[in-house]
Amino acid sequence: MDEDVSAWVTGLEELFGRVAGRFFRAEPRRRARAYVRGLLAPLADKNGWTLAEIAGDSTPDGMQRLLNATTWDTDGVRDDLRAYVVEHLGDPGGVLVVDETGFLKKGSKSAGVQRQYSGTAGRIENCQLGVFLAYTTPRGRALVDRELYLPKSWIADRERCRAAAIPDEIEFATKTTLAKAMLARAFAAGVPARWVTADEAYGQDHKFRSWLEQHHIGYVVAVPRNQALPAGGFATARADQLVAQAPPESWKRRSAGNGAKGPRLYDWAAATVPTIGEHTPDGWTRRLLVRRQITSAGVEPELAYYLCCAPATTPDEELVRVAGARWAIEECFQTAKTEVGLDHYQVRRYDAWYRHITLAMLAHAYLAVTAAVSPKALATASSRSPSAKSVVSWHI
């Protein structure tokens with residue numbers, strides 16, 4: 001047990017050694033280390049008061065100053081944690097996952113807050129929305145980038161923006177635009193990834209998909225059932241109409257990865273989608289992938305639809321794997337919120353949001369890497385063998 005504690009402390013110190021240079025003076029450097037250690041501590045609430053208390057401070061002033069006033073390189077810490085994740089979890093077949101999560105808030109002064117739909121709550125709430133990028137491989141998964149979504153109502157009110165420390169040069173950006181900015185940073189940093197996946201909010205955006213194709217990165221993105229797709233000639237058809245044409249033998253039962261209760265089994269089918277007046281990268285094709293829920297007799301199964309673009313030689317089994325990888329970011333959100341206080345912050349400023357979120361992501365990355373390099377995880381990874389099965393495709 002003592003050896004485990006010693007290894008834990010040593011690993012955390014090594015991680016913080018990577019980012020120490022991003023804090024320009026000794027006091028904020030010490031304070032940030034205490035902040036991250038507090039986020040990793042078994043506390044019910046991880047706010048300024050509790051983090052100060054566990055650090056031995058009598059007031060939260062120092063922790064609040066770290067987030068609201070002290071000068072340090074927040075984006076540099078983000079870059080360092082991304083490099084740390086890649087070093088320990090990196091894999092050429094890695095998947096970059098885009099998604100958003102809500103942070104419920106009271107009042108109207110926190111940067112970006114308004115009544116808006118939160119997938120976290122499943123309804124319209126007064127909240128902030130953060131768009132995140134996760135990196136997942138067979139070795140593990142972690143959050144590696146973040147952006148705070150600022151609604152148009154905020155950008156249109158510059159006085160309100162200044163009160164929340166939002167710089168004047170910040171302009172309105174859609175969630176898809178924020179996603180592309182994070183992906184561009186990952187590409188520029190050389191993150192080893194072959195795929196991008198995202199939910200309908202991003203997948204149905206034609207410009208987002210085209211942007212990925214221009215960057216020659218494969219994608220498997222969810223789309224709605226009424227997504228219009230080429231159906232030969234100049235005709236188009238809804239995704240669900242095309243699926244209705246699939247013969248029974250097209251459906252094959254496959255796992256989309258392991259869940260809490262074992263393999264996540266569904267029935268899957270795929271079809272090549274023709275391109276009209278557009279060009280995919282040389283040697284690539286677009287496909288429609290469909291996931292059908294397994295149900296008992298007489299129960300109508302739910303269907304989920306994905307548009308894919310990848311080299312023509314890519315087996316459909318690989319597309320199924322990538323579709324299943326999207327759950328990784330939900331698991332990251334859950335772990336980051338319950339274990340390291342991703343949503344426990346009490347700040348209103350735009351820059352302070354980024355600072356807390358980045359330090360929480362750093363703590364979460366440490367948990368992810370520590371789990372990945374444990375003897376049990378390494379033994380499990382070495383025993384894995386890839387499946388040679390592939391989904392049978394029908395052709396539109």
When the side chains of residues 301-312 are checked against the rest of the protein, which donor-acceptor pairs come out under 3.5 Å, sequence neighbours left out?
| unit_1 | atom_1 | unit_2 | atom_2 | d |
| --- | --- | --- | --- | --- |
| Tyr306 | OH | Arg291 | NH1 | 2.9 |

Taking only residues two or more places apart in sequence or in another chain, which ones pass salt bridge (charged side-chain N to carboxylate O under 4.0 Å, His left out) with [X]?
| X | result |
| --- | --- |
| Arg18 | Glu87 |
| Glu339 | none |
| Arg65 | Glu27 |

Item checked: Listed once per pair and sorted, the side chain to side chain donor-acceptor pair (under 3.5 Å) pairs that draw on residues 151-167, sequence neighbours left out ->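 Only Gln114-Ser153, Glu159-Arg162, Arg162-Asp168 qualify under side chain to side chain donor-acceptor pair (under 3.5 Å).
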
Next item on the list: Please go through Trp284's hydrophobic cluster and name the other residues, only I, L, V, M, F, W, Y counting, with side-chain heavy atoms under 4.5 Å joining them.
Entry: none

Check: Using a side-chain heavy atom cutoff under 4.5 Å and only I, L, V, M, F, W and Y, what cluster partners does Ile124 have?
Finding: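 The other cluster members (ILVMFWY side chains, heavy atoms under 4.5 Å, direct or chained) are Tyr117.
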
Next item on the list: Mind checking side-chain hydrogen bond (donor to acceptor under 3.5 Å, both in side chains) for Asp199 and listing every partner two or more places apart, or none if nothing turns up?
Entry: none

Note to self: Taking side-chain hydrogen bond (donor to acceptor under 3.5 Å, both in side chains) as the definition, give me every residue that meets it alongside Thr177, ordered by chain and number, with sequence neighbours left out.
What the structure shows: Thr174

Quick one: ring-ring contact (aromatic ring centres under 6.0 Å, His included) partners of [X], sequence neighbours excluded?
| X | value |
| --- | --- |
| Tyr149 | none |
| His216 | none |
| His344 | none |

Notebook entry, point to check: Does atom CZ of Arg348 have more than 12 heavy-atom neighbours, drawn from other residues, nucleotides or ligands, at distances under 6.0 Å?
Noted result: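 Check fails, neighbour count at 12 or below.
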
Next item on the list: Report yes or no: is the cationic atom of Arg292 (NZ for Lys, CZ for Arg) closer than 6.0 Å to the six-membered ring centre of Trp251, at no more than 45° off its axis?
Entry: yes

